[in-house]
Protein chains: 2
Amino acid sequence: MELTEARQKFIEAWGKLGSEWGINRTMAQVHALLLISPEALTTEEIMESLSISRGNANMTLRDLINWGLVEKQHKPGERKEYFFADKDVWNIARQVAKERRKRELDPVIKILDELSKVQGDAKDPAFKTFNKSVTDINKLAKNVDKTLETMIKADENWFWSSVLKIFK
Amino acid sequence: MELTEARQKFIEAWGKLGSEWGINRTMAQVHALLLISPEALTTEEIMESLSISRGNANMTLRDLINWGLVEKQHKPGERKEYFFADKDVWNIARQVAKERRKRELDPVIKILDELSKVQGDAKDPAFKTFNKSVTDINKLAKNVDKTLETMIKADENWFWSSVLKIFK
DNA sequence: ATAAACTTTCATTATATTTTGAAAGTTCGA
DNA sequence: TCGAACTTTCAAAATATAATGAAAGTTTAT
């Protein structure tokens with residue numbers, strides 16, 4: 001396989017994985033493109049490479065910037081904006097973990113905390129079952145939350161050597 | 001808050017979280033309903049509870065069965081099928097991890113392995129950047145894979161006490 | 001063999017999400 | 001202050017995803 005084809009496959013695979021995990025396919029593809037681009041790219045180049053419209057490119061890049069995965073660059077003497085992706089995969093993983101935790105896990109934990117407090121008749125099977133499921137999910141969610149928090153703060157080598165050491 | 005309202009909130013929250021993570025909202029809601037139902041339910045009851053059509057209920061239940069989260073039950077002397085969800089939250093988490101690993105992570109790792117092998121000019125920045133990103137992502141993906149494999153096999157208490165011990 | 005009870009299918013419809021592109025907005029040099 | 005270069009917006013269109021429900025299929029008791 002040669003580079004051009006391989007790059008294409010990478011962009012496709014990343015887009016597919018993204019869409020399976022609730023991330024817009026185009027956003028994942030733009031990210032993939034920037035990940036394998038040694039230089040920062042202009043909006044034009046991204047539009048061209050992925051055959052997407054200006055509006056789509058613009059919004060997608062803004063989202064990527066909000067996710068902390070991409071940044072704008074300016075070249076001296078040029079008006080155009082260039083976009084560049086952090087290539088440190090551990091940083092990327094941490095950043096994604098951080099954002100998804102904030103946007104999705106935290107709100108759910110808040111609701112589960114409320115629902116855990118709901119009082120009811122200890123003899124009512126409907127209440128017992130509700131209470132058990134909610135409480136158990138809440139505990140699990142909090143364990144995940146703590147693990148993510150650690151990961152977000154952690155150094156990559158330390159993190160994986162600790163985790164994998166347990167499991168050997 | 002009383003039970004009826006709380007149940008409703010739980011179903012909503014679970015549906016929302018599911019849809020953010022690439023799982024059909026209705027599927028997550030049916031699962032939530034079964035999770036808080038002490039008894040197995042019929043298709044009719046599920047349709048009624050969630051205001052969904054027969055076809056939708058049928059397909060969603062089949063999917064949940066394929067995910068290993070729900071099973072059919074038969075009551076003696078009755079033709080009707082009843083549906084019941086495993087209430088063990090750790091089993092559920094493992095089952096979801098297992099399925100998503102198989103359906104999504106494994107195929108991606110396969111592609112990354114191929115792409116890691118692509119040869120190129122070590123002086124070409126395009127090749128160097130491509131190669132580094134692909135290789136690094138591949139390593140990360142394999143660490144995640146190993147961790148999931150361990151989790152899938154693990155006992156809940158052992159797993160969390162090991163993981164959280166590292167991070168205290 | 002029949003029919004009632006129940007389940008499954010799938011073409012059609014509905015909904016949700018994503019994309020487009022032209023117009024409006026902004027910035028900057030002359 | 002003007003206009004060229006560039007960016008952003010957003011209503012409308014396109015696409016993708018999910019839901020409906022009637023018809024077809026299946027099972028079982030008689």
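So that the names make sense, note that chain A is the first sequence line, chain B the second, and so on, each numbered from 1.
For B/S49, there are no side-chain hydrogen bond (donor to acceptor under 3.5 Å, both in side chains) partners, not counting sequence neighbours. Shown here are the salt bridge (charged side-chain N to carboxylate O under 4.0 Å, His left out) partners of A/K102, two or more places apart in sequence or in another chain: A/E99. For B/K72, the side-chain hydrogen bond (donor to acceptor under 3.5 Å, both in side chains) partners are B/E81, not counting sequence neighbours. For A/N91, the side-chain hydrogen bond (donor to acceptor under 3.5 Å, both in side chains) criterion is met by A/D86, A/R94, not counting sequence neighbours. A/D136 meets the salt bridge (charged side-chain N to carboxylate O under 4.0 Å, His left out) test with A/K132; sequence neighbours excluded. Scored by the side-chain hydrogen bond (donor to acceptor under 3.5 Å, both in side chains) test, B/N24 finds no partners at all (sequence neighbours excluded).
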Table please: side-chain donor-acceptor pairs of residues 12-21 of chain A below 3.5 Å, with sequence neighbours left out.
| residue | atom | partner | partner atom | Å |
| --- | --- | --- | --- | --- |
| A/S19 | OG | A/K16 | O | 2.9 |
| A/W21 | NE1 | B/E104 | OE1 | 3.1 |

Throw together a table of side-chain donor-acceptor distances under 3.5 angstrom for residues 108-123 of chain A, partners on residues two or more places apart or in other chains.
| residue | atom | partner | partner atom | Å |
| --- | --- | --- | --- | --- |
| A/D113 | OD1 | A/N138 | ND2 | 3.0 |
| A/D113 | OD1 | A/K142 | NZ | 2.7 |
| A/S116 | OG | A/L112 | O | 2.7 |
| A/S116 | OG | A/N138 | ND2 | 3.2 |
| A/Q119 | NE2 | A/K117 | O | 3.1 |
| A/D121 | OD1 | A/K123 | N | 2.7 |

Could you list the donor-acceptor pairs under 3.5 angstrom formed by side chains in residues 26-42 of chain B, with sequence neighbours left out?
| residue | atom | partner | partner atom | Å |
| --- | --- | --- | --- | --- |
| B/S37 | OG | B/L33 | O | 2.6 |
| B/T42 | OG1 | B/E45 | N | 3.1 |
| B/T42 | OG1 | B/E45 | OE1 | 3.4 |

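Between B/Y82 atom OH and C/dT7 atom C1' the separation is 15 Å, expressed in whole Å. One interatomic measurement links the two molecules: NZ of B/K80 to C1' of C/dT7, which rounds to 13 Å at whole-angstrom precision. Distance, B/D63 CG to C/dT8 P: 12 Å, rounded to whole Å. The CD atom of B/E78 sits 13 Å away from the P atom of C/dA5 (whole-angstrom rounding).
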Exercise. With Watson-Crick and G-U wobble geometry limited to distances under 3.5 Å, how should the secondary structure of DNA chain C be encoded in dot-bracket form, using | for bases paired to another strand and [ ] for crossing pairs?
Worked result: ||||||||||||||||||||||||||||||
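B/N58 has a side-chain polar atom (N or O) that falls below the 4.0 Å cut-off from OP1 or OP2 of C/dT8.
The stretch residues 31-47 of chain B does not touch DNA chain D, since none of its heavy atoms comes less than 4.0 Å from the strand.
Among all heavy-atom pairs drawn from B/A57 and B/M47, the shortest one is CB-CG, 3.8 Å.
In this structure, CZ on B/F83 lies 10.5 Å from CD on B/Q73, to the nearest 0.5 angstrom.
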Seminar exercise, completed: Each nucleotide of nucleotides 13-30 of chain D classed B (base within 4.0 Å of a protein heavy atom), S (only sugar-phosphate) or -, in 5' to 3' order, makes -----SSBB-----BS--
